[in-house]
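Report on one structure; see the data block that follows.
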Number of protein chains: 2
Amino acid sequence: MEEVSKEFINNLGRVADFFGFNRLMGQLYAVLFLSPEPLTLDDMVKKLESSKGNVSINIRALERWGLVRQIYKWADRKNYYEAEPDIWKAVSGILQERERKESQQIITSLNQSVEMLEEASKTATGQEAVTAQFYLERMEQLRRLFKFGDTLLDMMVQGGAIDFGTASRLSQLAYEDDDPEGTRDLDELERQQMVEGQPQGASN
Amino acid sequence: MEEVSKEFINNLGRVADFFGFNRLMGQLYAVLFLSPEPLTLDDMVKKLESSKGNVSINIRALERWGLVRQIYKWADRKNYYEAEPDIWKAVSGILQERERKESQQIITSLNQSVEMLEEASKTATGQEAVTAQFYLERMEQLRRLFKFGDTLLDMMVQGGAIDFGTASRLSQLAYEDDDPEGTRDLDELERQQMVEGQPQGASN
């Protein structure tokens, strides 16, 4: 049993590392996830042979990500910690907070670039016009990919259905300025193309 | 135009960083992606004001990930580089090579742990039996989450359709040893539950 638990703790440490978190964060989550009772910082320090300061910092990070909850027990006036039992809820919280924030920043920036290029290409001539058109095609390609990723994350968080066949089709579409007025509610259209069903409501 | 290009290069640098790659890798990909013609290492060194050694190392990494192609031109006996134009193909290659490899390692390890626990719980009594059962429930919960992630990646790479409503349902299922013989082709069943359509063939 001890062996299984150690293997598990190591594994989640590696997973955390892989996803750009701290290794200790993964190990701490694993310790709490395999504990039927909430644990104190000291319990975790003992288990992982790490310093209290380090454990404390990483537990607080886990709390911020919604992966761990703090429980104050009046009986011994200590803070206890337990793993969020609904893992999917925790994971979708991370996707929402971290991955979606990133993808939306990129999309906003790509939208701005596309607008600037569309503006520039109205007056550009010769080589400059060719370059503007080339930039537009390329940015539009990437914008579609990120829109797809963003829709995907949204569906994951909300629990919808998605067709991955669309991703490869979308990324092969050439850019055409099908929206010369610049109103750009193309986004909604693409979204409808990708999403097969409507969101079926969040996990709880 | 120069401004748009700089913004784009910075952006892809940040994206690369976010996904656990080197920032320079993202910037190099961006430079090539926005270039209508293949470029030499020297062109890229000039553009990014980085050292030739650094550029060379990161271009080779991009080649290994299938994001950049090398072209040898006999005319001036130099190596040129161009961005893989099918971004989706490149991204699905990364997901296959990196994300799926990781998720499959974890699943294999969780499968082993579940087997060990099932074996142990046959002979365990008292507190030991309770702990084994608790471990089993928790590991099964995580195993289902990673199976879901793995199926998701597989669908993304192959272009299928998936129902995200299943993810939250799956992660809430309690562990039941519905497979006491240990043949465990439950995997296939879960997969069928999650996948709405069959893969529609790869992107090209």
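As a basis for the values below, the full set of heavy atoms in this structure was taken, side chains included, without hydrogen atoms, waters or symmetry mates. Throughout, a chain's letter reflects where its sequence line sits, starting with A, and its residues are numbered from 1.
Neither the backbone nor the side chain of A/Ser121 comes within contact range of chain B; no heavy atoms are under 4.5 Å apart. Contacts of A/Glu3 with chain B are made by side-chain atoms alone, with heavy-atom separations under 4.5 Å and no backbone atom involved. Only the backbone of B/Ser35 comes within contact range of chain A, with heavy atoms under 4.5 Å apart. Neither the backbone nor the side chain of A/Val130 comes within contact range of chain B; no heavy atom of the residue lies under 4.5 Å from a heavy atom of that chain. Looking at A/Phe18, the atoms closer than 4.5 Å to chain B (heavy atoms on both sides) all sit in the side chain, from C-beta outward.
A/Lys52 pairs by the salt bridge (charged side-chain N to carboxylate O under 4.0 Å, His left out) definition with A/Asp42, not counting sequence neighbours. Considering only residues two or more places apart in sequence or on other chains, B/Met139 meets the side chain to side chain contact (heavy atoms under 4.5 Å, CB included) condition with A/Val4, A/Phe8, A/Leu34, B/Leu110, B/Ser113, B/Val114, B/Leu117.
Under the 4.0 Å criterion applied to side-chain N and carboxylate O atoms, A/Glu118 and A/Lys122 are not assigned as salt-bridge partners.
Among A/Tyr135, A/Phe19, A/Phe33, the residue making the largest number of heavy-atom pairs under 4.5 Å with chain B is A/Phe33. The greatest number of non-hydrogen atom pairs below 4.5 Å with chain A, out of B/Pro36, B/Gly20, B/Ala120, B/Ser109, is found for B/Pro36.
The closest side-chain donor-acceptor pair between A/Asn111 and A/Thr108, if any, does not fall under 3.5 angstrom.
Remark: A/Asp17 CG to A/Leu12 CG distance equals 12.0 Å, nearest 0.5 Å. Atom CD1 of B/Ile106 and atom CZ of A/Arg14 lie 4.5 Å apart (nearest 0.5 Å).
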